[in-house]
Amino acid sequence: MDLQTIQQHPTFRQLVSERTRLGVAMSIVMAAAYFAYILTIAFWPRLLGYPLWSSTVITWGVLIGVGLIALGFLLTAVYVRRANSRFDSLSQLLLEDLR
């Protein structure tokens, strides 16, 4: 198999395009959420310092921080699911076309 042939194949281009779009979109979502959290800590620390309810020491900042970690796991799970379904089928189609 010639590298040039693979790179010019329409299925390969579609696979690369879909993977890139999904990866960039998920990266933007995670970066935006993370930087919004950091900017909130920097400019409005009191906002995240409020307790969840009156008799607890757990603050909204802790809850949102844990939410950011959960968002990272969720985005990873979405990517893995997409990779195991759509991207694998495109890869298999590409391999069959190039044989």
Side-chain angles (χ1 to χ4, degrees):
M1 277 187 261
D2 182 24
L3 183 61
Q4 195 81 4
T5 306
I6 295 171
Q7 289 176 339
Q8 292 175 352
H9 197 281
T11 305
F12 178 77
R13 289 179 181 244
Q14 182 180 6
L15 174 62
V16 169
S17 173
E18 288 183 22
R19 271 187 26 195
T20 301
R21 275 191 315 231
L22 182 62
V24 168
M26 290 181 153
S27 296
I28 289 170
V29 167
M30 191 66 207
Y34 178 75
F35 284 116
Y37 183 67
I38 295 300
L39 289 174
T40 304
I41 291 171
F43 295 109
W44 300 287
R46 293 177 124 189
L47 184 68
L48 297 175
Y50 290 119
L52 290 177
W53 55 87
S54 62
S55 62
T56 186
V57 295
I58 300 173
T59 64
W60 283 101
V62 171
L63 182 67
I64 295 171
V66 169
L68 277 174
I69 294 169
L71 177 63
F73 282 109
L74 176 69
L75 290 175
T76 301
V78 168
Y79 186 87
V80 167
R81 182 178 175 139
R82 181 73 174 185
N84 287 339
S85 60
R86 178 71 179 155
F87 300 157
D88 281 354
S89 66
L90 283 174
S91 295
Q92 189 64 32
L93 181 63
L94 179 63
L95 284 173
E96 290 171 5
D97 285 350
L98 293 174
R99 285 187 185 161

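Residue indices begin at 1 and follow the sequence shown.
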Does one hydrophobic cluster hold both [X] and [Y], with members joined at side-chain heavy-atom distances below 4.5 Å?
| X | Y | answer |
| --- | --- | --- |
| Ile6 | Val16 | yes |
| Ile58 | Trp60 | yes |
| Ile41 | Trp44 | no |
| Leu39 | Leu47 | yes |
| Val24 | Val78 | no |

For the atom pair [atom1] ([X]) and [atom2] ([Y]), what is the distance rounded to the nearest 0.5 Å?
| X | Y | atom1 | atom2 | answer |
| --- | --- | --- | --- | --- |
| Met30 | Ile28 | CE | CD1 | 13.5 Å |
| Ser91 | Phe12 | OG | CZ | 9.5 Å |
| Asp97 | Gln92 | CG | CD | 10.5 Å |
| Leu93 | Asp88 | CG | CG | 12.5 Å |
| Leu94 | Arg99 | CG | CZ | 10.5 Å |
| Leu71 | Met26 | CG | CE | 9.5 Å |

(message) Are the side chains of Thr59 and Tyr50 in contact, using a 4.5 Å heavy-atom criterion?
(response)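 Contact flag for Tyr50/Thr59 side chains = no.
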(message) What I'd like to find out is whether the side chain of Tyr79 reaches to under 4.5 Å of the side chain of Leu22, using heavy atoms alone.
(response)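 Result yes, sub-4.5 Å side-chain heavy-atom pair found.
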(request) Could you tell me which non-hydrogen atom of Ile64 sits nearest to which non-hydrogen atom of Leu48, and how far apart they are? (result)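 Nearest heavy atoms, Ile64 then Leu48: CD1-CD2, 3.7 Å.
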(request) Give the minimum heavy-atom separation between Gln14 and Arg86, together with the two atoms involved. (result) NE2-NH2, 2.6 Å
(message) Quick check against the 3.5 Å criterion: does Tyr37 have a side-chain atom that pairs as donor or acceptor with the backbone of Gly61?
(response) yes
(message) Strictly distance-based, threshold 3.5 Å: is any side-chain N or O of Ser27 a donor or acceptor partner for the main-chain N or O of Gly23?
(response)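 Yes: the side chain of Ser27 pairs with the backbone of Gly23.
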